[in-house]
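Quick notes on the structure that follows.
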Amino acid sequence: MTEAIVYEKIGDIAVLAANNPPVNALGQAVRQGLVEGIERAEKEGAKAVLIYGEGRTFFAGADIREFGKAPTEPFLPDVCTRIEASPLIVVSALHGTALGGGLEIALGSHYRIAVPKARMGLPEVLIGVMPGAGGTQRLPRLIGIDKSLDVITSGRQIGAKEALELGILDKVAEGEPREIGLAYAQELIDAAAPRRAISEMPAPEPVDFDALYDAVLKKGRGLLAPAVAVRGIQACCELPFAEGMKRERELFMELMATDQRQGLIHAFFAERAVGKLPELKDVEPRQLAAIGVIGGGTMGAGIATSALLSGLTVTLIEMSPEAAEAAKGRISGNLQGALKRGKISPEKFAELTEKALTLATDYAALKDADLVIEAVFEEMSVKKDVFTKLDAICKPGAVLASNTSYLDVNEIAACTSRPEDVIGLHFFSPAHVMKLLEIVVADKTAADVVATGFALGGKMGKVSVRAGVCDGFIGNRILSKYRTCADYMILDGASPYQIDAALEAFGFAMGPYAVGDLAGLDIGWAVRKRKRAEGMDPRARDFTYADKLCEDGHFGQKTGMGYYDYSAGAKARVPNPEVMPLIEADRAAQGITPREFTDEEIVRRYMAAMVNEAARVVGEGIAKRPLDVDVTLLYGYGFPRYRGGPMKWADMQGLPGLLADIKSWAQDDPYFWEPAPLLEKLVAEGRSFDDLNKD
Ligand code: T1G
């Protein structure tokens, strides 16, 4: 008997306990153990079988580390069918997260019980595949087409209460999974309950699956898996069970072979790896219970909201009592959202706004804070003034953090007597919604202060990425490059509307010009003015059309006009008629004869600019690994998740071809298209960005 499944006989009940930490993934040994356990139970004359998981959870799904490798017997769908075919009563007792193949094992069982806190679901589409062990064949038989479509195409997790209401569970009981499972199995034996094989239940009547397929494909914005899963449900309704299982397997293997599956699995593991830094191994974070926030504008209020929701107390400092009250209003507004979505109760709302939040105008209120983060005006002199005051007021060991989005954290640290306590915590707006947090580590930042930054991000449910100090850190520095590439393509003949459409077809939720209108064109305008004031490299191409748009007062959605005219609403995406004349005038003034761009060229150039700058960012150590760039772009910049991130995309495209394109474009613009040394090195060595992730 393989140790991954521990067999035990208790009276008439054979117990199969999964023992494969950390999440009882259904690796080969577990699958083997389940089949052997069922066979042994039948040989030993048991009347029922109980399957449950030791440790933190029931099976959390197939072992996704086996993906991409040759599948090994016994295959998971066969294990589920073997369980179901047993003449004994088979009970699964769920706790933790019974996901994917885990829930499919439970569906292969005849009865299902769970503890109240158990969660379950079929999240396969989130990693680019679909249920491949009978989920699309059994679930519709159990709960119908509509509910199965929701569960399977959303990949969402379901709580035990909802699962009971849906009919996925037969019972929910307090207690340990083993105990409630044994009691339920005995109850079924005593009641002479019948085997209840889902595959023997009638399948739902077919519906218009072509229409469903089209609707799901459209909703997925290019994501294949949910739509292909619809074909699995169709097979359930149109084919006998055994043929339906074969069809499901075919569809599953088709998805397994897609780039999207590669991209999504990469994203899954990258977002877990990004918080694992060797330099933080065994480093304890400092105490984190009470924090201070300076500045209650959009960012400060968002940060305070996120901190309050994560259980921290917050002292918010503003310039005046009125400004502090206004900040409290923003925070309450943010929390109203959480209240409406049922994330917090009315009592919790009152506790957060009335007890956990303290307003003040005097920095002395920060004397006991464990960490203070400033979100004041993006001006170095203002930041230095704040940090000088904090240095004088805050207790020894307090972490002093800046939310700056590009200023030099080393320079900020240097104005305190404790540079080792200073760090950058770059939140993205709105800070209580966006998951990305760039943890900007300055030259003298202490390791336990970095660990405290990650601990804060963890409490807030952020995806935290370590960044070095440079203009724009990881995300904004790369953004500046690919955004400039788009601007250059406009100078040379493309339109902002063609560029937005091409990149939305690539998978971005919004193209760069629609994003600019949403965020506010004045932000980019200020950056361009700052860079001109700092002195731009004479080799850099400049353009005026974007400035003129701002000079005309068009900042995007907030003024009703930007690249688009919002008078008919944001969804209408009506081009602003003033834009093309400004672009044409700029081209004429620079003697540029516009040329045609294909959508393919637009995407290729845009992505090459992104990857080339990202390679510099990794090469300079600003980002630790290529996967850190992937996670940053996925969580902060709307990069399509099914492509895995820019570095994963580049690996799948092939680095040599990308470098060749960059070199050919460098003939026209050697400054902008200078190849990144790391990219040249990897191509010369025949290596990929993913090879670097594994170094
Ligand atoms: N296979 C292998 N390793 C896994 C794993 C899995 N399914 N799930 C998690 N891990 C690892 C993870 O990499 C990390 O490893 C550790 O476990 C803790 O995970 C046929 C084919 C279960 C909700 O998609 O959603 O079944 O970094 O840090 O936050 O239809 O992990 O410690 O070395 O995420 O508490 C379907 C994916 C597979 C579930 C736990 N199942 N996992 O979250 O811990 S496809 C899934 C999760 C399938 C069948 C198809 C979460 C979690 P390390 P963690 P967590």
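As the structure lists them, so they are numbered: ligands from 1, and atoms in each ligand from 1. Keep in mind that the numbers below use all heavy atoms, side chains included, and drop hydrogens, waters and symmetry copies.
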Scan for side chain to side chain donor-acceptor pair (under 3.5 Å) pairs involving residues 99-116, sequence neighbours excluded, and state none if there are none.
Ser92-Ser109

Would you please determine whether [X] falls within less than 4.0 Å of ligand 1 on a heavy-atom basis?
| X | answer |
| --- | --- |
| Glu66 | no |
| Arg119 | no |
| Val129 | no |
| Pro22 | yes |

Donor-acceptor side-chain pairing of Glu438 and Thr632 below 3.5 angstrom
no

Any side-chain heavy-atom pair of Cys237 and Phe209 under 4.5 Å:
yes

Given that the side chain starts at C-beta and the backbone is N, CA, C, O, which of these parts of [X] lies under 4.0 Å from ligand 1, counting heavy atoms, or is it both or neither?
| X | value |
| --- | --- |
| Thr97 | side chain |
| Phe67 | side chain |
| Ile127 | side chain |
| Ala60 | both |
| Asp63 | both |

Any salt bridge (Lys or Arg N to Asp or Glu O under 4.0 Å) involving residues 134-143? Give me the pairs, sequence neighbours left out, ordered by first then second residue.
Glu84-Arg138

Gly638 and Phe508 have their tightest heavy-atom pair at O-CD2, 3.4 Å

Heavy-atom closest contact (Thr97 atom, Thr57 atom, distance):
N-OG1, 2.7 Å

Distance to 0.1 Å, residue and atom name: give those for the protein heavy atom nearest to [atom].
| atom | result |
| --- | --- |
| atom 43 (O) of ligand 1 | Arg56 NH2, 4.2 Å |
| atom 25 (O) of ligand 1 | Leu99 CD1, 4.0 Å |
| atom 6 (C) of ligand 1 | Ile64 CG1, 3.4 Å |

Mark up the atoms of ligand 1 that fall under 4.0 Å of a heavy atom belonging to Val23, in ascending order.
4 (C), 5 (C), 8 (N), 9 (C), 10 (N), 17 (O)

Is NZ or CZ of Arg65 both nearer than 6.0 Å to the six-membered ring centre of Phe67 and within 45° of the ring axis?
no

Can you tell me which residue among His95, Gln157, Glu162 is in a side chain to side chain donor-acceptor pair (under 3.5 Å) with Arg119?
Gln157

Would you mind telling me which of Glu36, Glu73, Glu66 makes a salt bridge (charged side-chain N to carboxylate O under 4.0 Å, His left out) with Arg31?
Glu66

